[in-house]
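Below is one structure, written out as structure tokens; comments come after it.
Numbered from 1 within each chain, the chains take letters A, B, ... in sequence-line order. Just so it is clear, the values below take in all heavy atoms, side chains as well, and ignore hydrogens, waters and symmetry mates.
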Amino acid sequence: GENVEQHPSTLSVQEGDSAVIKCTYSDSASNYFPWYKQELGKGPQLIIDIRSNVGEKKDQRIAVTLNKTAKHFSLHITETQPEDSAVYFCAARGTGGGNKLTFGTGTQLKVEL
Amino acid sequence: GAVVSQHPSWVICKSGTSVKIECRSLDFQATTMFWYRQFPKQSLMLMATSNEGSKATYEQGVEKDKFLINHASLTLSTLTVTSAHPEDSSFYICSATRPRGYSGGAFLREQFFGPGTRLTVL
């Protein structure tokens, strides 16, 4: 099955700096890669996603890049703000039945003033 | 984004009792819903896939007789933790998939999560 690795596990940046979180996946047939933000005590919230037919996608301060050859994808957050502090999860969905997502282990992002 | 609700948001029960958690898609119909379990500072672990009108598909290692799933309508799935024990204490999260149409020849589905249910078994 699919295996997703995520790094780093914790990330601390100064407000206004950029943050980058990286994930790798094992199933070359995976075709959908969403990113979720989870605040303490809440469910994950979809913040951006990318499909295998696209190399990069941007939504305001958030961007995601995908390298299918290397089987890795990254989340980029620019001009970070304190409210960006949360746990971020990457995920990958293979082409097998069920639309199941395999999640990374999460990155605790802390944006310091 | 789409709205998925869960009820209750938290529950405390005695060991040996059963607890039912509801998951609803409020503004779309979901033929497929998922149930996850999350321990503190860990990732989401998929427990089962809930399909409307059919039996749920459980992940390896998840006891289907202990975690009963019912997906009776396109907007409601329920998870019942039977004979709960302290080790069942966890954060249970559901998600629902919503179609987003076609792109690049593929039919797209997004997965939206509920707010989670904190279960504490004494």
Segment of [X] engaging chain B (4.5 angstrom heavy-atom cut-off):
| X | answer |
| --- | --- |
| A/Gln108 | neither |
| A/Pro34 | neither |
| A/Phe89 | side chain |

> Looking at A/Ser52, A/Gly43, A/Pro44, A/Ala91, which one has more heavy-atom pairs under 4.5 Å with chain B than the rest?
Replying inline: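 When all of A/Ser52, A/Gly43, A/Pro44, A/Ala91 are compared, A/Pro44 has the most.
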Do other residues, nucleotides or ligands put more than 12 heavy atoms under 6.0 Å from [X] [atom1]?
| X | atom1 | result |
| --- | --- | --- |
| A/Lys58 | NZ | no |
| B/His85 | NE2 | yes |
| A/Glu79 | CD | no |
| A/Gln60 | CD | no |

How long is the span from the [atom1] atom in [X] to the [atom2] atom in [Y], to the nearest 0.5 Å?
| X | Y | atom1 | atom2 | result |
| --- | --- | --- | --- | --- |
| B/Tyr36 | A/Leu101 | OH | CG | 5.0 Å |
| A/Arg93 | B/Gln111 | CZ | CD | 7.5 Å |
| B/Lys41 | A/Thr105 | NZ | OG1 | 14.0 Å |
| B/Gln42 | A/Phe103 | CD | CZ | 14.5 Å |

> How far apart are the closest heavy atoms of A/Gln38 and B/Phe91, and which atoms are they?
Replying inline: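 In this case the closest contact between A/Gln38 and B/Phe91 is NE2-CE2, 3.9 Å.
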>> So does A/Gly104 get a backbone contact from the side chain of B/Ser43, meaning a donor-acceptor N/O pair under 3.5 Å?
In response: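 Such a contact is found between B/Ser43 side chain and A/Gly104 backbone.
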Same cluster (ILVMFWY, side-chain, under 4.5 Å), [X] and [Y]:
| X | Y | answer |
| --- | --- | --- |
| A/Leu109 | A/Ile48 | yes |
| A/Leu46 | A/Ile77 | no |
| A/Phe33 | A/Tyr88 | yes |
| A/Val54 | A/Ile47 | yes |

>> Please classify the contact of B/Gln38 with chain A as side chain, backbone, both or neither, using a heavy-atom distance under 4.5 Å.
In response: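 Interface part for B/Gln38: side chain.
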> Between B/Thr57 and A/Lys100, is a side chain to side chain contact (heavy atoms under 4.5 Å, CB included) present by the stated rule, with each step listed?
Replying inline: CA-CA 11 Å; B/Thr57 303; A/Lys100 294 192 294 186; over 6 Å; no
